[in-house]
Structures are given as C-alpha cells and as structure tokens.
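Below, chain A is the first sequence line, B the second, and so on; all start at residue 1.
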Amino acid sequence: MSRKEKKKQVAAIKGTKDILPLEARKWQQVETLIKAYCERYGYREIRTPVFESTELFQKGTGETSDIVMKEMYSFVDKGGRSLTLRPEYTPSIVRAIIEHRLYLQPQPMRYYYIGPMFRYDKPQKGRYRQFHQLDIEVFGEKDAAVDAEIVEMASGLLSQLKVKGTDILVNSVGCRKCRPGYHKELRHQAELARDSLCSDCQRKMSTNPLRIFDCKEESCREISQGFPKITDFLCRECDEHFKNFRSYLDLYGLKHKVEPRLVRGLDYYTKTTFEIVSTELGAQDAILGGGRYDDMIKDFGGPDVCGIGFALGVERLLSLVPQKKEPENIVYLVCLGEEAKKEGMLLAQYLHKENIECLLEYKSRNLSKQMSRANKIGATWVLIIGEDEIKKKRFQLKNMASGEQKEVAREKALNIIRGNI
RNA sequence: GUGAGCGUAGCUCAACAGGUUAGAGCACCGGAUUGUGGAUCCGGAGGUUGGGGGUUCGAAACCCCUCGUUCACCCCA
C-alpha cells in the first residue's frame with residue numbers, strides 16, 4: 001500500500017453514523033421500553049424486508065410526494081428488478097397485510113416495528129440518510145376513538161421516557177370527497193393575492209398550496225391568515241370524525257392545538273393527521289407524526305379496510321431522552337501466573353454459567369496493573385487468584401467500591417456477588 | 001437541490017498580523033509501586049494542520065477547487 005492510499009480512510013457514508021457502545025446501551029434501554037409499551041396496548045411486532053419493489057412506494061407513498069420524487073435510494077438488482085430501500089414503513093405493512101391476508105384476522109389489528117429507514121436528503125440536525133423509526137399501525141377501526149387512542153399512546157410513551165416540553169398538533173385533511181373543493185378554493189384565493197406573495201409561495205401555489213401557510217415571510221403570513229382553512233371545508237362525515245377525535249382527546253385530558261396548516265407530505269392521508277413536536281429539536285421539530293389513511297389498502301387491490309398510524313423518529317427521540325445509568329455487576333478475575341490463569345478460566349466458565357458478567361485478564365501483568373485495569377473497566381468485584389488461592393481453593397474477593405476483601409470459596413463468592421449475603 | 005459557518009493528536013481546544021522543530025488538557029502506554037485499584041509525580045507514544053493546486057524567501061493561517069461536517073432553506077421522523 002502506498003503512502004497516499006494509506007491516508008485515504010474508508011469512512012461512514014454521508015448521513016449515516018455508527019452507534020458506539022455507550023450510545024447503543026441507551027438505544028437498547030429505549031427500545032426495550034418501547035416494545036413492552038406497545039405490547040401493553042395490544043400491538044404485535046411485524047418485520048418486513050428493508051427493500052421492496054420501487055413500485056410499492058411509488059403507489060403507496062405517492063408519485064407526487066418529495067419522498068418518491070427525490071429522496072429514494074433506488075437501484076436495479078442483478079435480475080433487472082427496480083428495488084428501493086424503504087423510505088417509510090406504511091406501504092410495506094400494507095403490502096404484507098394483503099399478501100398474507102392478515103385482514104382476515106379479528107379487527108382491529110395492531111402492529112409495531114422499529115427499524116432503519118433510508119432517504120436521500122441533505123443531512124442536518126435531526127435528519128439523517130439512514131435513520132430509525134418506531135412505526136405503529138392500526139387497521140380496521142373507523143371509530144375516531146382509535147385516532148385518539150394512538151395519540152394518547154404516543155403521548156404516554158413520551159412521558160414515560162421523561163420527554164418534556166412537547167406539543168400535540170392535530171388537523172383533518174378531509175377525504176376524497178371534500179378535499180378537492182378545498183384545494184380549488186385555496187388556489188383561487190392564492191391566485192388573487194399572487195402579487196403580494198413571495199416568489200417561494202408563488203411556486204408553492206401550483207405544487208402544494210397548503211405549504212404557503214408555513215412561509216416565514218411576515219407579509220405572506222398575514223395574507224395566508226385570510227385564506228380558507230381545510231377544517232371549514234370538511235364534509236359532514238369528516239367534520240363529525242374530527243369533532244369526535246378532539247372530544248376524545250379532551251376526555252384523555254390531552255391538550256392539543258388545531259393546526260389547520262399541519263400537512264403531512266405524504267399523499268395518502270385522509271381525515272386525521274397529527275404531530276407531536278418539541279422546541280428543543282431545531283428546525284426538524286417533529287418527534288412523531290402520522291394520520292389516517294382509509295383508502296390505501298383498497299388502492300392496492302385489497303379489501304376496504306381503513307388504517308391509521310404514526311412514525312416516531314428514534315434519533316430525535318433519543319436526543320431528548322436523558323441517559324439512564326443502570327447498575328452493573330461486573331466481576332474481574334485477576335490471575336497471578338500461568339497456573340492461576342488456568343484456574344481463572346475455569347472460574348470464569350463457572351460464573352458465566354451462573355449468569356454473572358465476568359472478565360479474565362490474560363496478560364501476565366503485575367497485581368497492581370491488573371487492579372488498575374479492573375478499576376478502569378468499572379468492575380464491581382475483583383477475584384484474586386494466586387498460588388495460595390489455588391492450593392486452598394479459596395479466593396480473595398474484593399468489593400471495589402468499599403475496598404472490603406475476604407477469602408472465600410467459589411460458591412460463597414457467587415452468593416456474595418449475587419447479593420444474597 | 002440552494003445558502004452560510006467550520007475542518008489542527010483518539011477527544012476538547014491553542015498557535016499575535018504569514019516567520020525556527022505545530023502546543024496543552026483529557027484519554028492511552030510505561031515507570032515511581034515484583035500480592036492490591038482510584039490520587040500524585042516522572043517519562044513515552046501519537047500530526048505530512050481533511051485532500052489537491054496556487055500565491056510567497058517562507059502557509060495551519062491568504063486564494064481557487066474538492067471532500068467532509070454543522071446549521072438553515074426545502075421536506076420530514
């Protein structure tokens with residue numbers, strides 16, 4: 001290898017990152033808690049492949065969505081198939097439900113999953129190219145009570161994780177009956193005010209007029225205040241659903257803000273949409289977001305089964321969760337000499353079988369060095385094995401925190417380590 | 001995709017206004033200390049200053065390109 005080649009290191013791909021042991025511990029804690037929490041609400045895990053046919057997302061996520069238009073990791077495999085690393089989870093679940101006829105199970109069905117998603121986006125705070133989502137979905141329940149239930153569930157999960165300072169935003173985007181009328185009216189109003197809008201908003205008029213509500217320009221904000229709101233255009237069914245949804249949120253005591261400009265960038269939503277945001281996340285402030293999608297299964301050729309769910313950004317969540325220190329119980333075996341090492345190997349085998357975390361020093365260092373090492377790795381206990389100990393079959397067990405030390409046989413040591421004595 | 005800021009040791013940062021051999025703390029390794037850790041003291045290793053080109057007697061510093069990173073726009077989890 002030449003000098004030049006040596007310099008060029010292979011690095012993690014832009015927008016991806018390694019999760020090192022200290023942080024991985026936090027992931028494990030949070031994931032364990034999340035899974036138990038979901039199961040308590042009757043959710044069951046469903047795992048689907050990380051890649052699917054590109055067509056699935058084109059149809060499911062929507063041809064006009066930014067995700068499909070410019071953010072997908074798509075590639076052609078050796079068999080000539082166009083595949084895509086999933087940018088979101090919902091289409092995969094819907095595909096699995098239809099493929100395995102899961103809709104024949106008693107409804108509503110509740111599923112959850114935690115795993116990596118992929119979007120070719122420019123990275124910034126709270127946004128990565130490989131990121132993780134907790135995805136939960138409920139199928140086959142039209143009642144607005146279930147809309148409220150999943151918001152309550154999401155909110156409860158956050159408080160269980162001690163995440164503070166969050167706001168619940170809700171909206172209804174109507175359905176295929178009422179939405180076209182609204183869009184038409186909104187475009188019309190925007191057209192009338194065209195000259196007073198910024199160039200950005202003029203562009204949004206044709207692409208997604210709803211985003212005009214998000215403009216940061218003072219003048220645009222003032223103008224959009226006067227624009228019609230989707231909630232004034234809801235058909236009777238959607239309006240009733242939204243009212244029920246909100247009254248159930250009140251029942252749960254969940255403060256929420258109706259945000260008529262809350263628009264999910266995904267094309268498939270109907271009726272309820274919601275987000276939980278935190279001001280501590282920066283520009284990407286949504287911890288989770290989701291909504292109802294009553295037409296998707298039908299659109300994929302399945303039966304008329306409605307769906308609702310949300311996706312939670314795990315990285316964003318973790319940035320708000322304080323690291324919890326868990327008590328550890330690590331035993332470090334200090335061996336003095338070759339014979340002691342062999343004795344130590346057997347002792348380690350014994351302790352491992354008894355479900356004790358224990359490490360053995362293989363380098364023949366002096367006692368002082370080995371103690372120092374035990375201290376560094378955070379050992380709770382040190383077992384010292386030397387010539388005397390081998391003869392007597394009794395070892396020096398030292399508690400590193402208190403400094404207390406006594407000579408014990410291995411069974412006794414086990415009991416002390418376990419806290420039984 | 002657009003814009004702005006930043007790239008110096010494993011980490012956090014120094015190095016006046018371009019001037020000798022690029023420094024410090026933490027971390028790492030060794031010693032003081034051959035059967036007792038943490039503290040202290042002493043020592044060691046670790047860098048072509050992200051990469052490439054240019055300006056200059058001389059570049060970590062100035063200019064250009066490139067890559068990476070951070071933040072914002074956009075969009076979203």
Side-chain angles (χ1 to χ4, degrees), chain A residues 3-9 11-15 17 20 61 65-71 87-90 114-135 154 198 200-201 203-204 207-208 210-211 214-217 262-266 273 275-278 281-290 309-320 332 334-337 340 361 363-389 395-405 407:
Chain A
R3 240 190 189 162
K4 224 168 196 174
E5 283 166 336
K6 217 172 182 176
K7 260 192 304 193
K8 213 175 197 173
Q9 285 185 20
I13 301 301
K14 187 188 185 98
K17 61 173 186 176
L20 304 179
T61 309
S65 66
D66 273 33
I67 291 179
V68 170
M69 286 197 298
K70 49 189 198 193
E71 295 174 6
E88 59 144 343
Y89 203 60
T90 310
I114 303 175
M117 306 292 156
F118 307 85
R119 290 185 202 173
Y120 192 86
D121 226 344
K122 193 154 173 183
Q124 67 183 65
K125 189 180 172 80
R127 197 168 75 184
Y128 311 96
R129 289 187 174 178
Q130 183 187 155
F131 61 101
H132 296 73
Q133 288 188 334
L134 159 69
D135 199 272
C198 70
D200 216 23
C201 284
R203 188 176 48 80
K204 287 176 190 165
T207 56
N208 191 346
L210 289 158
R211 301 302 303 189
D214 276 343
C215 191
K216 305 252 183 324
E217 291 283 333
L262 175 67
V263 187
R264 324 255 58 259
L266 303 164
T273 61
E275 269 185 11
I276 296 185
V277 298
S278 163
L281 286 175
Q284 315 301 318
D285 65 353
I287 305 173
L288 63 93
F310 67 77
L312 174 150
V314 180
E315 283 84 357
R316 289 182 191 177
L317 174 70
L318 282 164
S319 73
L320 300 173
Y332 194 80
V334 166
C335 312
L336 302 165
E361 174 67 52
K363 288 194 189 69
S364 55
R365 310 169 118 120
N366 63 39
L367 177 59
S368 180
K369 208 78 259 160
Q370 295 193 48
M371 288 300 293
S372 171
R373 179 137 232 98
N375 191 54
K376 240 163 234 165
I377 65 159
T380 325
W381 306 93
V382 165
L383 261 174
I384 301 168
I385 309 161
E387 282 174 34
D388 285 358
E389 285 82 359
F395 312 95
Q396 299 293 334
L397 178 65
K398 178 165 186 167
N399 180 314
M400 291 297 275
S402 68
E404 259 178 83
Q405 180 172 323
E407 189 179 277

A.B. asks: Select base, sugar-phosphate, or nothing to describe what A:Ile384 touches, counting heavy atoms under 4.0 Å on all strands.
C.D. replies: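 Touches a base.
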A.B. asks: Starting at CD of A:Gln133, measure out to CG of A:Leu288 and round the result to the nearest 0.5 Å.
C.D. replies: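 Those atoms lie 10.0 Å apart.
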A.B. asks: Considering heavy-atom distances to RNA chain B, does A:Glu71 or A:Asn375 have its closest nucleotide positioned more toward the 5' end?
C.D. replies: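 The 5'-side residue here is A:Asn375.
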A.B. asks: Starting at CG of A:Asn399 and ending at P of B:G37, how long is that distance when rounded to a whole Å?
C.D. replies: 16 Å
A.B. asks: Considering every strand and a 4.0 Å limit on heavy-atom distances, what is the contact class for A:Glu88: base, sugar-phosphate, or nothing?
C.D. replies: nothing
A.B. asks: Taking the P atom of each, how far is B:U20 from B:U49, in whole Å?
C.D. replies: 15 Å
A.B. asks: Between B:U55 and B:C73, how many Å separate the two C1' atoms, rounded to a whole number?
C.D. replies: 36 Å
A.B. asks: Under 4.0 Å, counting only non-hydrogen atoms across every strand here, what does A:Arg119 touch: a base, just sugar-phosphate, or nothing?
C.D. replies: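 The answer is base, as A:Arg119 lies within the cut-off (heavy atoms under 4.0 Å) of a base atom.
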A.B. asks: Cation-pi check for A:Tyr332 against A:Arg373: NZ or CZ below 6.0 Å from the six-membered ring centre and within 45 degrees of the axis, yes or no?
C.D. replies: no
A.B. asks: From A:Thr273 OG1 over to A:Leu262 CG, what is the distance, rounded to the nearest 0.5 angstrom?
C.D. replies: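 Those atoms lie 4.5 Å apart.
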A.B. asks: Whom does B:G10 pair with, Watson-Crick or G-U wobble, provided both distances fall under 3.5 Å?
C.D. replies: B:C26
A.B. asks: Once you apply the 3.5 Å cut-off to both distances, tell me the Watson-Crick or G-U wobble partner of B:C75, or none.
C.D. replies: none
A.B. asks: What's the verdict on side chain to side chain contact (heavy atoms under 4.5 Å, CB included) for A:Asn375 and A:Ser372, showing C-alpha distance, side-chain angles and the deciding distance?
C.D. replies: CA-CA 5 Å; A:Asn375 191 54; A:Ser372 171; 5.6 Å; no
A.B. asks: Look at the side chain of A:Lys369 and decide which nucleotide, out of B:A77, B:G31, B:A72, has an atom nearest to it.
C.D. replies: B:G31
A.B. asks: Expressed as a whole number of Å, how far does the P atom of B:G18 sit from that of B:A27?
C.D. replies: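 Result for the P pair: 35 Å, nearest Å.
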A.B. asks: Can you tell me how far P of B:G35 sits from CD of A:Glu407, to the nearest Å?
C.D. replies: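 So the two atoms are 17 Å apart, to the nearest Å.
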A.B. asks: Mind checking if A:Ile287 touches a base, just sugar-phosphate, or nothing, with heavy atoms under 4.0 Å?
C.D. replies: sugar-phosphate
A.B. asks: With both distances kept under 3.5 Å, what pairs with B:A60, Watson-Crick or G-U wobble?
C.D. replies: none
A.B. asks: I'd like the C1' distance from B:G25 over to B:G3, given in whole Å.
C.D. replies: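 To the nearest whole Å, 37 Å.
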A.B. asks: Looking only at the side chain of A:Lys125 (C-beta and beyond, no hydrogens), which of the listed nucleotides B:A77, B:C71, B:G37 gets closest?
C.D. replies: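 For A:Lys125, the side-chain atoms sit closest to B:C71.
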A.B. asks: Given atom CD of A:Glu387 and atom P of B:U36, what is their separation to the nearest angstrom?
C.D. replies: 15 Å
A.B. asks: Base, sugar-phosphate, or nothing: which does A:Asn366 touch, judged by heavy atoms less than 4.0 Å apart?
C.D. replies: nothing
A.B. asks: May I ask which nucleotide in the shown strands pairs with B:A39, Watson-Crick or G-U wobble, both distances under 3.5 Å?
C.D. replies: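 Check on B:A39: unpaired, no WC or wobble geometry under 3.5 Å.
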A.B. asks: So, does A:Arg365 use its side chain to make a donor-acceptor pair with the main chain of A:Gln370 at under 3.5 Å?
C.D. replies: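 Not at all, since once roles are kept as given, no pair shorter than 3.5 Å links the two residues.
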A.B. asks: Do other residues, nucleotides or ligands put more than 12 heavy atoms under 6.0 Å from the CD1 atom of A:Ile13?
C.D. replies: no
A.B. asks: Using a cut-off of 6.0 Å, state whether more than 12 heavy atoms not belonging to A:Gln405 lie near its atom CD.
C.D. replies: yes
A.B. asks: To the side chain of A:Gln124, which of B:A72, B:G37, B:G1 is closest?
C.D. replies: B:A72
A.B. asks: Using the P atom on both, measure B:G38 against B:C28 and round to a whole Å.
C.D. replies: 12 Å
A.B. asks: Closest heavy-atom contact between A:Pro87 and A:Met117?
C.D. replies: O-CB, 3.9 Å
A.B. asks: A:Arg373 has an atom CZ; how far is it from atom C1' of B:A27, in whole Å?
C.D. replies: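 Computing the A:Arg373:CZ to B:A27:C1' distance gives 13 Å.
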A.B. asks: Would you mind telling me which of B:U36, B:A72, B:G35 lies closest to the side-chain atoms of A:Gln405?
C.D. replies: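 Selected nucleotide: B:U36.
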A.B. asks: If we take the C1' atom in both B:G5 and B:G47, what is their distance in whole Å?
C.D. replies: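 The same atom, C1', in both gives a distance of 25 Å.
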A.B. asks: Measure the distance from OH on A:Tyr89 to P on B:A77 and round it to the nearest whole Å.
C.D. replies: 16 Å
A.B. asks: Of the options B:G35, B:A77, B:C28, whose atoms approach the side-chain atoms of A:Ala286 most closely?
C.D. replies: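 Of the candidates, B:A77 comes closest.
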A.B. asks: Round to the nearest Å and state the distance from A:Lys376 atom NZ to B:C26 atom C1'.
C.D. replies: 13 Å
A.B. asks: Counting only side-chain nitrogens and oxygens, does A:Ser368 get under 4.0 Å of the OP1 or OP2 atom of B:G37?
C.D. replies: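 It does, given that an N or O in the side chain of A:Ser368 lies less than 4.0 Å from OP1 or OP2 of B:G37.
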A.B. asks: Report the residue from A:Glu71, A:Arg129, A:Arg127 that forms a side-chain contact (heavy atoms from CB on, under 4.5 Å) with A:Arg119.
C.D. replies: A:Glu71
A.B. asks: B:A4 pairs with which nucleotide, Watson-Crick or G-U wobble, both distances below 3.5 Å?
C.D. replies: B:U70
A.B. asks: Hunt down the Watson-Crick or G-U wobble partner of B:U49, both distances under 3.5 Å, from any strand shown, or write none.
C.D. replies: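 With both distances under 3.5 Å required, B:U49 matches none.
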A.B. asks: With a 4.0 Å cut-off on heavy atoms, is A:Gly289 in touch with a base, just the backbone sugar-phosphate, or nothing at all?
C.D. replies: sugar-phosphate
A.B. asks: Mind checking who B:U20 pairs with, Watson-Crick or G-U wobble, both distances under 3.5 Å?
C.D. replies: none
A.B. asks: Which part of the nucleic acid does A:Gly290 contact within heavy-atom distance under 4.0 Å: base, sugar-phosphate only, or nothing?
C.D. replies: nothing
A.B. asks: Counting any heavy atom closer than 4.0 Å, what does A:Lys398 reach on the DNA or RNA strands: base, sugar-phosphate only, or nothing?
C.D. replies: base
A.B. asks: Report the distance from atom CZ of A:Arg127 to atom C1' of B:C71, rounded to the nearest whole Å.
C.D. replies: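 Distance, rounded to whole Å: 11 Å.
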A.B. asks: Suppose we define a pair by two distances each less than 3.5 Å, Watson-Crick or G-U wobble; what does B:U55 pair with here?
C.D. replies: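 None - no nucleotide pairs with B:U55, as no candidate has both distances under 3.5 Å.
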A.B. asks: How is A:Lys14 classified with respect to the nucleic acid when contacts are heavy atoms under 4.0 Å: base, sugar-phosphate, or nothing?
C.D. replies: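 Sugar-phosphate only.
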A.B. asks: With heavy atoms under 4.0 Å as the rule, sort A:Gln396 into base, sugar-phosphate or nothing.
C.D. replies: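 Base contact - A:Gln396 has a heavy atom under 4.0 Å of at least one base atom.
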A.B. asks: Could you tell me whether A:Phe310 contacts a base, only the sugar-phosphate backbone, or nothing, with contacts defined as non-hydrogen atoms closer than 4.0 Å?
C.D. replies: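 No contact at all - A:Phe310 keeps every heavy atom at 4.0 Å or more from the nucleic acid.
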A.B. asks: Using atom P of each nucleotide, how far apart are B:G30 and B:G37 to the nearest Å?
C.D. replies: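 Between the two P atoms, the distance is 15 Å.
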A.B. asks: Using the C1' atom in both, what is the distance from B:A72 to B:G10, to the nearest Å?
C.D. replies: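 Each nucleotide's C1' atom is 31 Å from the other's.
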A.B. asks: Just the rounded figure in Å: distance from C1' of B:U36 to CG of A:Leu367.
C.D. replies: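 Value for this atom pair: 4 Å.
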A.B. asks: Measure from the side-chain heavy atoms of A:Lys70 and tell me the nearest of B:C74, B:A72, B:A77.
C.D. replies: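 Minimum distance to the A:Lys70 side chain belongs to B:C74.
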A.B. asks: Contact class for A:Ala311 vs. all strands (heavy atom < 4.0 Å): base, sugar-phosphate, or nothing?
C.D. replies: sugar-phosphate
